[in-house]
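Worksheet: the structure to be examined is printed underneath.
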Amino acid sequence: MFTTAAQLLDLTDKKLLVILRDGRKLIGVLRSWDQFANLVLQDTIERVYAENEKVFASVPRGLYLVRGENVLMLGEIDLDKDDYVPEPYREESTNVVDALHRKEIKEQKDKEKSTRAKLQAFGFEGELAGEVMF
Amino acid sequence: MLPLGLLNAAIGHPMLVELKDGETLNGHLVNCDTWMNLTLKEVVQTMPDGEHFFRLPEVYVRGNNIKYLRVPDEIVDLVKEQQQRDQASRGGRGGSNQRGDHHGGRGDRGRGDNRGVVRH
């Protein structure tokens with residue numbers, strides 16, 4: 001058996017943080033997986049962060065089937081430390097965080113766009129034109 | 001139960017499919033296969049900006065474009081029931097082995113990926 005598969009076996013029925021390639025952070029219980037690392041997550045919540053404001057929100061999402069290709073990383077959550085929120089972060093309402101989060105994403109997209117435009121002026125053609133992770 | 005087993009159990013139920021490009025499809029699952037290709041009916045397609053919507057009577061999704069699926073919580077219970085039924089119909093014993101029940105004299109050795117293996 002692949003070592004990675006053995007590791008997933010150890011994580012089965014554990015509470016995990018799964019980060020997707022698009023930057024989404026899902027927290028749920030791993031119930032099932034296969035050779036492609038397709039994952040079934042139960043009682044999933046999505047954590048949304050507004051990094052500049054140091055706030056986050058938890059959105060209940062339920063049952064997920066994540067296609068393995070889109071997983072960036074995952075790790076087990078230590079239940080003893082699960083409720084601990086490190087300084088200076090604090091939990092806020094979904095509406096507030098969501099608005100801030102969208103704003104931050106938009107700002108970053110704009111920044112990337114202007115960087116690309118400036119590079120192009122120097123003759124650098126789209127090194128980042130492909131997939132930008134976040 | 002494997003992830004694709006869960007998907008099979010979700011046939012006929014409503015679900016949300018998000019594609020890699022950020023589009024979401026809300027509809028009822030009509031059918032699926034081992035490549036995660038899907039057919040959906042009564043679909044509402046939402047564009048990545050979240051502001052433009054389309055109503056589509058029927059949709060085919062090629063599996064490789066899927067990011068994730070969100071299915072109703074009840075499907076888990078459904079899968080459990082289905083599993084128990086399958087086990088009973090197989091005569092109780094030996095029902096739990098999902099692997100290793102090859103039919104031919106030789107297994108499927110020498111094939112790198114076993115996507116095509118049918119597990120009954």
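FYI, side chains are in, hydrogens and waters are out, and symmetry mates aren't considered; it's all heavy atoms of this structure. Chain A is the first sequence line, chain B the second, and so forth, proteins listed ahead of strands; every chain is numbered from 1.
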**Asked** Are Val96(A) and Val48(A) connected in a single hydrophobic cluster, I mean Ile/Leu/Val/Met/Phe/Trp/Tyr linked by side-chain heavy atoms less than 4.5 Å apart?
**Response** yes

**Request:** Quick one: pull up CG in Asp22(A) and CG in Asp21(B) and give me the separation to the nearest 0.5 Å.
**Result:** 11.0 Å

**Fill in**
On a heavy-atom basis, the closest approach of Pro3(B) and Val40(A) is CA-CG2, 3.7 Å

**Fill in**
In this structure, CG of Leu26(A) is separated from CZ of Arg70(B) (nearest 0.5 Å) by 9.5 Å

**Request:** Could you grab the distance from atom CG of Leu19(B) to atom CG of Asn70(A), nearest 0.5 Å is fine?
**Result:** 10.0 Å

**Message:** Tell me if the CD atom of Glu58(B) is crowded by more than 12 foreign heavy atoms within 6.0 Å.
**Reply:** no

**Fill in**
One should read off an interatomic distance between Met36(B) CE and Phe36(A) CZ, to the nearest 0.5 angstrom, of 8.5 Å

**Prompt:** Do Leu20(A) and Tyr68(B) touch side chain to side chain, with heavy atoms closer than 4.5 Å?
**Reply:** yes

**Message:** Quick check: is Leu11(A) connected to Val66(A) through a chain of hydrophobic side chains (ILVMFWY, heavy atoms under 4.5 Å apart)?
**Reply:** yes

**Message:** Grouping I, L, V, M, F, W and Y whenever their side-chain heavy atoms are under 4.5 Å apart, do Leu16(B) and Val18(A) come out in a common cluster?
**Reply:** yes

**Request:** Over all heavy atoms of both residues, which pair between Lys20(B) and Glu69(A) is shortest? Give the atoms and the distance, please.
**Result:** NZ-OE1, 2.6 Å

**Request:** Identify whether Tyr60(B) and Leu40(B) are in the same connected component of the hydrophobic contact network (ILVMFWY, side-chain heavy atoms under 4.5 Å).
**Result:** no

**Asked** Taking atom NZ of Lys41(B) as the centre, does the number of heavy atoms from other residues, nucleotides or ligands within less than 6.0 Å exceed 12?
**Response** no

**Asked** Should Leu8(A) and Val29(A) be regarded as members of a common hydrophobic cluster, given that ILVMFWY residues are connected when their side-chain heavy atoms come within less than 4.5 Å of each other, either directly or indirectly?
**Response** no

**Prompt:** Would the number of heavy atoms belonging to other residues, nucleotides or ligands and lying under 6.0 Å from NZ of Lys14(A) be above 12?
**Reply:** yes

**Item:** Derivation of the side chain to side chain contact (heavy atoms under 4.5 Å, CB included) call for Leu6(B) and Arg31(A)
**Value:** CA-CA 11 Å; Leu6(B) 184 103; Arg31(A) 288 302 184 196; over 6 Å; no

**Message:** Using modelled atom types and a 3.5 Å cut-off, is there a donor and acceptor pairing between side-chain atoms of Arg67(A) and backbone atoms of Gly63(B)?
**Reply:** yes

**Item:** Beyond-backbone contact of Lys67(B) with Arg24(A), side-chain heavy atoms, under 4.5 angstrom
**Value:** yes

**Request:** For each of Leu63(A), Asn38(A), Val71(A), tally heavy-atom pairs with chain B at distances under 4.5 Å, and name the one with the top tally.
**Result:** Leu63(A)

**Fill in**
With chain A, the option among Asp73(B), Leu7(B), Ile75(B), Leu4(B) that has the most non-hydrogen atom pairs under 4.5 Å is Asp73(B)

